[in-house]
Amino acid sequence: MLDPKLLRSEPALVAANLARRGFVLDVGALTALEERRKSVQVHADTLRAERNARSKAIGKAKASGEDVAPLLAEVDSLGSQLEQAEAALAAVSAEVEGLALTLPNLLHESTPTGSDETGNVEVRRVGVPRHMDFTPRDHVALGESLGMLDFERAAAISGARFSVLSGPLARLHRALAQFMLDLHTQDHGYREAYVPYMVSRQTLTGTGQLPKFEEDLFRIPGETEYFLIPTAEVPLTNLARDQILEAAVLPMKWVAHTPCFRAEAGSHGRDTRGLIRQHQFDKVELVNVVRPEDSYAALEAMTACAEEVLKRLELPYRVLALCSGDIGFGSTKTYDLEVWLPGQDKYREISSCSNCETFQARRMQARWRNPQTGKPELVHTLNGSGVAVGRALVAVLENYQQADGSVVVPDVLQNYMGGVKQLQPSA
RNA sequence: GGAGAGGUGGCCGAGUGGUCGAAGGCGCUGGACUGGAAUUCCAGUAAUGCCCUCACGGGUAUUCGAGGGUUCGAAUCCCUCCCUCUCCGCCA
């Protein structure tokens, strides 16, 4: 959510910023709505003040034993007037709120302008794709020929966009997650968390997935409404919800390994093959809750933490600064990490690190006590994948494949594989 | 699932229809005392909207788990829901 004060005082400025996203903010309509809200609220407040004053007088009169009947008569018509005014206020407030929740975040000045992913700017490229003197296969061919990856059984169990991993491949998947968790907790100062995978509507509103992107989520019917988390960003960031944090506890650096569930609405026909786009996938997620002045340094640091995963796995990748047309709803600035996939002969997204500044904090009422002012102020929140486990598995399979269809286990994972150094068919 | 008890400020906790944004305590901040500190004493100490003000600040409204209701007036009474705790049952 944007700062309502800024929205009121500088609507043109806000509109100009959002226009870089291709988002059209109707300043005239917004201003008119705001004017209406203001007058309705002042009216209701005035009536309420009147009523309060008179009620107080009645109380005093009663206490001193006077006859309160004439006072009661005076206040007679106030009730219905106030009721009407409050109903009007509730209606206009709901309208304002509804609008506010659907506005995307302002962009940081360093976010490049562009209309779609072709406008993203490559910041750096790390590692060189390995030369293969054979035609590289994609992870589906590799996994299936190893006999460890089964989309047919998954389809029978659940339908499209699910997978079954088995044997050493399932273990490799687990090894990747363990490796990432250990890296971030031991070397990067993150605190591990185990969090709910089912969350409330309010929680998803806090991080910005709702109300606008409900069709991307899985909702569980039942007496209590739950949604499956689309990312651990949701529960981790909401750890700060409705809190006034002491300055000393900042920055909070959380890491969690969770499954993620996405309906992938609107992506029919995209990445239908393989593990790239599934309804269920695992991810190791990083979340920072920081003082406002630290958030851009934190974004660089968090991106470096995600990159370290790929460096240690010796996977070639590049870093993109997402442009205004491709960046997420709640983010002011985002770096995507794209890993090299020989099977697709291109770089594919494996991590996304974003600074949300106060956008989520305002929705969640996540604050800290600023020692300078002594007042509660909104924190900045950041999130980043560190990294997507399923896609990391894809990258390992494709980059470490051998001519004979076997796959070498990266050095840093061998301890997690009980000494297994290579995935062989029929293992 | 059954029975009971609760949810009040940063924290603990009093408050069963009016002068209650809310006693008291803790914590925190400032001041006095001290060579410095502890102790002690004094004072201050919620958020948010709107209006006025260049500003300092002031006014007003809302907020006592959430939402409805009763009433001139609700932290307080009624209804629904959520959450926490205790005991029992069940269970991983």
Side-chain angles (χ1 to χ4, degrees), chain A residues 1-9 11 30-101 194 196-206 210 220-227 235 238-250 252 289 291 358 361-379:
Chain A
M1 205 153 66
L2 302 179
D3 181 358
K5 286 198 179 96
L6 183 70
L7 199 54
R8 273 197 294 270
S9 58
L30 178 75
T31 310
L33 178 62
E34 189 44 47
E35 282 305 312
R36 193 149 56 86
R37 194 207 96 249
K38 192 180 285 187
S39 73
V40 167
Q41 179 166 347
V42 168
H43 183 229
D45 279 4
T46 308
L47 282 173
R48 219 182 277 111
E50 174 79 12
R51 184 209 63 192
N52 287 352
R54 299 204 178 205
S55 292
K56 210 165 189 173
I58 291 172
K60 279 184 179 163
K62 220 172 182 178
S64 61
E66 295 169 32
D67 177 19
V68 296
L71 290 172
L72 283 175
E74 270 178 46
V75 88
D76 196 38
S77 66
L78 264 181
S80 60
Q81 281 183 53
L82 181 58
E83 206 169 302
Q84 278 179 23
E86 285 185 330
L89 179 58
V92 73
S93 299
E95 212 174 317
V96 170
E97 167 119 331
L99 177 65
L101 286 175
Y194 172 80
Y197 302 160
M198 305 190 326
V199 297
S200 66
R201 181 172 285 274
Q202 190 191 3
T203 295
L204 284 154
T205 304
L210 290 178
I220 302 168
E223 210 172 300
T224 309
E225 182 181 57
Y226 291 115
F227 293 87
N238 273 277
L239 287 170
R241 170 143 59 97
D242 291 324
Q243 301 273 305
I244 298 176
L245 301 161
E246 291 307 322
V249 309
L250 299 179
M252 296 203 305
V289 177
R291 304 180 188 203
T358 58
R362 187 169 290 108
R363 288 166 167 249
M364 297 189 301
Q365 280 302 297
R367 295 171 296 175
W368 69 301
R369 197 170 290 279
N370 184 346
Q372 309 248 284
T373 62
K375 299 272 181 197
E377 295 172 13
L378 295 169
V379 295

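Throughout, protein chains are lettered first and strands after them, A, B, ... in sequence-line order, and every chain is numbered starting at 1. Note that the structure is predicted; figures quoted are calculated from it, not measured.
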* Structure fact -> Closest to the side chain of A:Lys60, out of B:C50, B:A61, B:U19, is B:U19
* Ignoring the backbone of A:Arg369, work out which of B:C72, B:G10, B:U62 is nearest its side chain. => B:G10
* Provide the distance between the two C1' atoms, one in B:G9 and one in B:A75, to the nearest whole Å. => 13 Å
* Structure fact -> Stem ranges of RNA chain B by first residue number, counting only runs of at least 3 Watson-Crick or G-U pairs under 3.5 Å, come to B:1-7 with B:82-88, B:10-12 with B:24-26, B:27-32 with B:40-45, B:46-52 with B:57-63, B:65-69 with B:77-81
* Any side-chain N or O of A:Asn52 under 4.0 Å from OP1/OP2 of B:G18? -> no
* **Atom CD of A:Glu97: over 12 foreign heavy atoms under 6.0 Å** => no
* Asked: For A:Tyr226, does the OH atom sit with more than 12 other heavy atoms under 6.0 Å from it, leaving out its own atoms?
  -> no
* Asked: Picking from B:C50, B:C72, B:G10, which would you name as closest to the side chain of A:Arg51?
  -> B:C72
* Asked: What distance, rounded to whole Å, do you find between the two C1' atoms, one in B:G89 and one in B:C26?
  -> 40 Å
* **Side chain of A:Ile58 (C-beta onward), nearest among B:U19, B:C72, B:C50** => B:C72
* Between B:U53 and B:G59 - C1' atom distance, rounded Å -> 11 Å
* Pairwise P distance for B:A66 and B:U76, with rounding to whole Å -> 11 Å
* Upstream residue (5' side of RNA chain B) when A:Ile244 and A:Asp45 are each assigned their closest nucleotide -> A:Ile244
* To do: Could you check if a side-chain atom of A:Met198 sits within less than 4.5 angstrom of a side-chain atom of A:Ile220, using non-hydrogen atoms only?
  => yes
* Structure fact -> From CG of A:Leu245 across to C1' of B:G10 the rounded distance in Å is 12 Å
* **For atom CG of A:Leu72 and atom P of B:G17, their distance in whole Å** => 19 Å
* Hey, does the side-chain of A:Lys56 have a donor or acceptor N/O within less than 3.5 Å of a partner on the base of B:G18? -> no
* Between B:A74 and B:G67, how far apart are the P atoms? Round to whole Å, please. => 15 Å
* Take the protein atom OH of A:Tyr226 and the nucleotide atom P of B:C83, then report the distance between them rounded to whole Å. => 7 Å
* **A:Arg363 side chain reached by A:Leu101 side chain, heavy atoms, under 4.5 Å** => yes
* Asked: With respect to the phosphate group of B:C50, does any side-chain polar atom (N or O) of A:Arg8 fall under 4.0 Å of OP1 or OP2?
  -> yes
* Any pair with a residue in residues 79-93 of chain A that passes side chain to side chain donor-acceptor pair (under 3.5 Å), sequence neighbours left out, goes on the list, sorted by first then second residue, please. => A:Arg48-A:Glu86
* Taking only N and O in the side chain of A:Lys375, is any of them less than 4.0 Å away from OP1 or OP2 of B:A47? -> yes
* Considering only NZ, NE, NH1 and NH2 on the basic side and carboxylate oxygens on the acidic side, decide whether A:Arg369 and A:Glu377 come within less than 4.0 Å. => no
* Spacing of A:Lys5 atom NZ relative to B:U48 atom C1', expressed in whole Å -> 8 Å
* Minimal non-hydrogen separation, A:Ser200 against A:Phe227, with atom names -> C-CD1, 4.4 Å
* Asked: Is any side-chain heavy atom of A:Val379 less than 4.5 Å from a side-chain heavy atom of A:Arg367?
  -> no
* Asked: What interatomic distance, in whole Å, is found between C1' of B:C79 and the corresponding atom of B:U70?
  -> 11 Å
* To do: Specify the residue among A:Thr224 and A:Thr46 whose closest nucleotide of RNA chain B lies further upstream toward the 5′ end.
  => A:Thr46
* **Gap in Å between the two C1' atoms, one belonging to B:U84 and one to B:G73, rounded** => 32 Å
* What is the distance, rounded to the nearest whole Å, between atom CD of A:Glu83 and atom C1' of B:U70? -> 12 Å
* Quick one: which of B:U62, B:G49, B:C51 gets closest to the side chain of A:Gln41? -> B:G49
* **B:A23 versus B:U8 - spacing of their C1' atoms, nearest Å** => 12 Å
* Expressed in angstrom and rounded to an integer, what is the separation of A:Leu89 atom CG from B:U60 atom C1'? -> 14 Å
* To do: Determine the minimum heavy-atom distance between A:Leu71 and A:Ala57, stating which atoms define it.
  => CD1-O, 4.2 Å
* To do: Have a look at A:Pro376 and say if it touches a base, only the backbone sugar-phosphate, or nothing, with a 4.0 Å heavy-atom cut-off.
  => sugar-phosphate
* To the nearest Å, give me how far apart CD (A:Glu35) and C1' (B:G49) are. => 15 Å
* Just call it for A:Arg48: base, sugar-phosphate, or nothing, with non-hydrogen atoms closer than 4.0 Å on any strand. => sugar-phosphate
* **Whole-Å gap separating C1' (B:A46) and CG (A:Asp242)** => 15 Å
